[in-house]
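Here is the structure we will look at.
When a ligand or atom number is given, it counts from 1 through the structure's own listing order. All of these numbers come straight from a predicted model, not from anything done at the bench.
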Amino acid sequence: MTIASLGESEASGLVSAQKLTDGIHLVVDALKLNEIDSIYGVVGIPITDLARLAQASGIRFIGFRHESAAGHAAAAAGFLTKKPGICLTVSAPGFLNGLVALANATVNCFPMVQISGSSERHLVDLQRGDYEEMDQLAAARQFAKAAYRVQRAEDIGRGVARAIRTAVSGRPGGVYLDIPAAVLGEVIDAELGAASLWRVVDPAPRQVPEPAALDRAIELLASARRPLVVLGKGAAYAQADDQIRRFVELTGLPYLPMSMAKGLLPDDHPQSVASARSLALRRADVVMLVGARLNWLLGHGDAPQWNADARFIQVDIASTELDSNQPIAAPLVGDVGSVMQALIDRTGPGRIVVPAQWRDELAARSAENVGKMAKRLQAAETAHPMKFLGALQAIRDVLRENPRTYLVNEGANALDLARNTIGMPVPRHRLDSGTWGVMGIGLGYAIAAAVETGDPVVAIEGDSAFGFSGMEMETICRYNLPVVTVVLNNSGVYRGDEGSSSGDPAPTALSARHDLMIAAFGGRGYRATTPTEVAVALREALALGRPALIDCVIDPADGTESGNISHLNPKGITVQR
Ligand code: ADP
Ligand code: TZD
């Protein structure tokens with residue numbers, strides 16, 4: 001029995017005899033002690049009272065329609081704040097729904113903690129068939145950075161501290177914390193309970209490499225003929241914007257931002273070589289990776305996409321990341337802020353000089369590519385039915401008037417084209433499908449950005465991508481969040497013009513009027529068929545600062561299968577049947 005579930009007179013009777021507390025109070029107290037101020041979740045047995053008490057204690061509880069979206073919100077909160085985002089789930093199915101987000105957070109290196117209630121251990125472990133029976137700890141372990149279970153109320157403080165420390169220290173990631181129903185209901189002496197809680201000191205300690213390691217990297221950069229810096233979302237997460245900018249500007253190095261690192265330096269910065277990406281990768285002879293992995297998103301560093309002789313410097317908090325794909329000639333293991341500061345301190349003026357020939361080569365290619373893109377953009381401006389690029393230019397123009405707007409982005413074409421069309425002027429304002437290219441992050445990320453910052457959010461969604469978390473439209477409306485969802489609706493996964501020889505729609509076909517959907521929840525719906533209508537609607541929606549959805553009617557024939565990763569589809573043979 002929990003204190004929260006006792007009648008008022010019974011509870012006060014207990015309290016007068018001996019001051020007591022219970023597992024639920026201890027979880028909330030431990031979170032508050034560690035300055036957790038929001039929880040994203042879905043209630044049910046055994047965590048409903050926990051959510052109520054958290055809310056009554058001043059923690060903001062955001063109740064979702066599905067745990068996956070709640071988990072994605074927690075992950076985004078972790079990325080934006082460097083504190084672990086907290087997701088609260090019920091046993092078995094709720095836990096599993098949240099696990100997708102926990103795994104995704106771990107893959108993206110975002111700190112979050114999924115706290116889940118679980119069923120009675122003595123029933124679960126003998127597989128006696130309990131309500132929502134499942135060995136959640138074992139399931140979570142393989143998908144998370146770490147998984148812990150609290151077995152006694154007196155260990156709740158330890159469990160919370162351990163989960164927070166693990167989530168944010170070293171390479172951030174997702175941590176699972178299992179709290180069985182019986183532990184949440186366990187009643188213990190209040191003084192003992194209070195004494196069992198602690199606050200994590202310096203949860204993510206700074207880490208600086210040896211001077212020799214710094215000099216090795218500086219030497220390599222100084223010897224380069226065609227150097228390049230690649231900034232990844234680890235650099236954005238580090239909140240070392242000033243050090244990164246100073247190092248890049250001090251050295252004059254050309255840099256390439258990965259999608260969630262856009263805005264670390266404004267996208268129109270003269271040293272950005274985003275518009276000459278392929279050339280920069282293919283030709284660079286010394287590459288400095290800063291909080292970016294040489295994974296599939298960077299072609300594993302392999303030739304011919306990369307120069308076969310390229311030498312790599314890697315700045316990363318996780319030493320095991322180094323040498324995972326290519327030899328790392330100059331490892332710099334540490335946090336981005338400390339490493340960049342140390343590099344600034346040790347790089348005298350004029351020590352690193354970027355050869356003019358390389359700068360010119362990149363600038364020429366950038367100009368060429370910008371010219372090509374301008375033609376595509378111009379053609380799309382007047383095209384009817386509206387093209388992706390028509391709608392996106394309108395969005396880009398309105399966002400320029402609102403530079404502090406957070407941008408969430410998922411889909412295939414909707415993702416690739418928005419990333420390339422919309423420049424980011426400020427750091428950490430772009431959140432997208434990330435390392436897994438996952439669909440379903442959209443509204444959860446948007447909700448977290450709005451809740452954590454109070455700033456406006458625009459979520460640019462493919463129509464398929466939107467569907468994965470679409471019901472969270474109701475969550476956005478219920479909490480009256482300043483989120484404008486823009487659905488680029490080409491009536492299909494990738495595109496909407498595929499025919500079918502069976503009586504059923506094609507596997508890629510979709511059909512929806514999303515603007516009508518938000519109306520059901522009290523939000524404002526718009527339908528836009530031209531770029532001008534998109535701009536008018538978005539401007540109005542942002543000015544209102546209330547939940548809105550703009551369904552943009554896009555040509556069903558616009559879009560490429562799988563966007564720019566078409567080549568990853570397996571190519572079979574044509575078999576006669
Ligand atoms: P992107 O997809 O943008 O290229 P990745 O997610 O592949 O970026 O890489 C992020 C990297 O940043 C990870 O290897 C992670 O260990 C690292 N990282 C995360 N936080 C920090 C930090 N504070 N300092 C240094 N490296 C970090
Ligand atoms: N399920 C999950 C969880 N993640 C995925 N990435 C996919 C399925 C497969 N997938 C993609 O990789 S993109 C995509 C799916 C279903 C949707 C593309 O269609 P869209 O965007 O309407 O969102 P565009 O703009 O029409 O391409």
Side-chain angles (χ1 to χ4, degrees), residues 68 72 79 82 100-101 104 106-111 145 168-173 204-207 209 230-240 244 256-262 264 289-298 314-322 324-325 332-340 388 391-392 409-418 430 432-442 460-469 487-496 507-510 512 552 554-556 558-566 568-569:
S68 183
H72 289 314
F79 170 72
K82 284 183 104 177
V100 169
N104 189 54
T106 306
V107 166
N108 279 308
C109 313
F110 297 165
K145 183 176 176 187
V168 293
S169 63
R171 168 180 281 174
R206 301 191 79 98
Q207 201 179 317
V230 177
L231 301 173
K233 59 182 169 304
Y237 171 77
Q239 297 193 13
I244 290 169
L256 189 67
M258 299 299 286
S259 69
M260 283 182 60
K262 278 162 69 75
L264 263 175
L289 301 157
V290 183
R293 286 170 284 188
L294 272 182
N295 56 17
W296 71 279
L297 285 160
L298 282 172
Q314 187 157 24
V315 180
D316 207 292
I317 195 81
S319 57
T320 51
E321 180 58 36
L322 280 59
S324 56
N325 278 284
L332 289 172
V333 177
D335 66 280
V336 168
S338 302
V339 175
M340 299 317 271
F388 279 104
L392 285 166
N409 191 195
E410 62 177 336
N413 297 279
L415 178 78
D416 297 334
L417 296 170
R430 188 187 151 85
D432 67 25
S433 299
T435 304
W436 260 351
V438 70
M439 300 299 112
I441 47 93
I460 302 179
E461 304 275 309
D463 50 332
S464 164
F466 171 77
F468 286 75
S469 65
V487 182
L488 299 180
N489 187 355
N490 66 345
S491 303
V493 177
Y494 313 133
R495 48 196 287 159
T508 54
L510 296 170
C552 303
I554 303 288
D555 185 353
D558 197 18
T560 309
E561 174 107 355
S562 305
N564 68 4
I565 51 172
S566 243
L568 296 181
N569 284 304

So for Phe388 against ligand 2, with non-hydrogen atoms under 4.0 Å, the contacting part is side chain
Any nitrogen or oxygen of Ala414, main chain or side chain, under 3.5 Å from a nitrogen or oxygen of ligand 2? yes
State the atoms of ligand 1, each with its element, that fall below the 4.0 Å cut-off from a heavy-atom position in Arg171. 13 (C), 14 (O), 15 (C), 16 (O)
Side-chain contact test, heavy atoms from C-beta onward, threshold under 4.5 Å: evaluate it for Asn490 versus Asp558 and give yes or no. no
Atom 22 (O) of ligand 2 [closest protein heavy-atom partner, distance rounded to 0.1 Å]: Asp463 OD1, 2.7 Å
For atom 24 (P) of ligand 2, which protein heavy atom lies nearest, and how many Å away is it? Asn413 N, 3.7 Å
Just let me know how Phe468 lines up against ligand 2, side chain, backbone, both or neither, with a heavy-atom cut-off below 4.0 Å. side chain
Side-chain heavy-atom pair Ser566, Thr560 within 4.5 angstrom cut-off: yes
So do Ile565 and Asp416 actually touch side chain to side chain, heavy atoms under 4.5 Å? no
Strictly distance-based, threshold 3.5 Å: is any side-chain N or O of Lys145 a donor or acceptor partner for the main-chain N or O of Pro111? no
Numbering the atoms of ligand 1 from 1, which are under 4.0 Å from a heavy atom of Gly291? 8 (O), 9 (O), 10 (C), 11 (C), 12 (O)
May I ask you to list the atoms of ligand 2 that are less than 4.0 angstrom from any heavy atom of Gly492? 22 (O), 26 (O)
Give me the residue, atom name and distance of the protein heavy atom closest to atom 19 (O) of ligand 2. Tyr494 N, 3.2 Å
Side chain to side chain, Ser433 and Met439, heavy atoms closer than 4.5 Å: yes
Close side-chain approach of Leu294 to Gln314, heavy-atom, < 4.5 Å: no
Closest protein heavy atom to atom 26 (N) of ligand 1, given as residue, atom name and distance to 0.1 Å: Ile317 N, 3.1 Å
Between Leu510 and ligand 2, find which residue part has any heavy-atom pair under 4.0 Å and reply side chain, backbone, both or neither. neither
Shortest reach to atom 8 (O) of ligand 1 by a heavy atom, considering only Lys262, Met340, Lys233: Lys233
Hey, could you give me the CG/CD distance between Leu568 and Glu561, rounded to the nearest 0.5 Å? 12.0 Å
Considering non-hydrogen atoms of the protein only, which is the closest contact for atom 23 (N) of ligand 1, and what is the distance? Ala238 CB, 3.7 Å
For Asp335, counting its heavy atoms only, list the atoms of ligand 1 lying under 4.0 Å from any of them. 24 (N), 25 (C)
Under 3.5 Å, N or O to N or O, is Val336 touching ligand 1 that way? yes
the protein heavy atom lying closest to atom 21 (O) of ligand 2 turns out to be Ala412 N, 3.3 Å
Quick check for you: to the nearest 0.5 Å, what is the distance between Leu488 atom CG and Phe388 atom CZ? 6.0 Å
Ignoring angles and geometry beyond distance, decide whether Arg293 reaches within less than 3.5 Å of ligand 1 through its nitrogen or oxygen atoms. yes
Testing the basics here: between Ser68 and Ala101, what is the closest heavy-atom pair and its distance to 0.1 Å? O-CB, 3.7 Å
When you compare the side chain of Leu322 with that of Asp316, does any pair of heavy atoms fall below 4.5 Å? yes
Is the closest heavy atom of Gly334 to ligand 1 under 4.0 Å? yes
Answer with side chain, backbone, both or neither: which part of Ala292 has a heavy atom less than 4.0 angstrom from an atom of ligand 1? both
Might you point out which heavy atoms bring Val168 and Ala204 nearest each other, and give the distance in Å? O-CB, 3.5 Å
Hey, which atoms in ligand 1 end up nearer than 4.0 Å to a heavy atom of Asn295? 7 (O)
With side chains defined as the heavy atoms from C-beta onward, is the minimum distance between Val333 and Gln207 less than 4.5 Å? yes
State if Leu488 counts as touching ligand 2 under the rule of any non-hydrogen atom under 4.0 Å. no
Check for me whether Cys109 has a heavy atom closer than 4.0 Å to any atom of ligand 1. yes
Which of Tyr237, Trp436, Phe79 passes ring-ring contact (aromatic ring centres under 6.0 Å, His included) with Phe110? It is Phe79
Indicate whether atom 9 (C) of ligand 2 is within a distance of less than 4.0 angstrom of some protein heavy atom. no
If only atom types and distance count, is the side chain of Asn409 paired as donor or acceptor with the main-chain N or O of Asp432 below 3.5 Å? no
Backbone or side chain, does any N or O of Asp316 fall under 3.5 Å from an N or O of ligand 1? yes
Just need the protein heavy atom nearest to atom 23 (O) of ligand 2, so name the residue and atom and give the distance. Ala465 N, 2.8 Å
Taking 4.0 angstrom as the limit and counting only heavy atoms of Asn490, give me the atoms of ligand 2 inside it, by number and element. 26 (O)
of all protein heavy atoms, closest to atom 5 (C) of ligand 2 is Met439 CG, 3.5 Å
Specify the closest pair of heavy atoms between Ala414 and Gly411, including all atoms of both residues, with the distance to one decimal. CB-CA, 4.4 Å
Can you name the nearest heavy-atom pair linking Ala240 to Gly337, along with the distance? CB-CA, 3.4 Å
Considering all heavy atoms, the nearest Ser469-Glu410 contact: OG-OE2, 4.5 Å
Gly234 neighbourhood, listing ligand 1 atoms whose heavy-atom distance to it stays under 4.0 Å: 10 (C), 12 (O), 18 (N), 19 (C), 20 (N), 21 (C)
Is the shortest N/O to N/O distance between Asn108 and ligand 1 below 3.5 Å? no
Atoms in ligand 1 flagged as close to Tyr237, the criterion being non-hydrogen separation under 4.0 Å: 20 (N)
Look at atom 20 (P) of ligand 2 and find which of Gly442, Gly496, Ser464 reaches it with the closest heavy atom. Ser464
Under 4.0 Å from any heavy atom of Met258, which atoms of ligand 1 are there? 3 (O), 4 (O)
State, to 0.1 Å, how close Thr320 and Ser324 come at their nearest heavy-atom pair, and which atoms those are. O-CB, 4.5 Å
Provide, to 0.1 Å, the distance between atom 6 (N) of ligand 2 and the closest protein heavy atom, together with that atom's residue and name. Gly437 O, 2.8 Å
Met258 vs Leu298 side-chain heavy atoms within contact, under 4.5 Å: yes
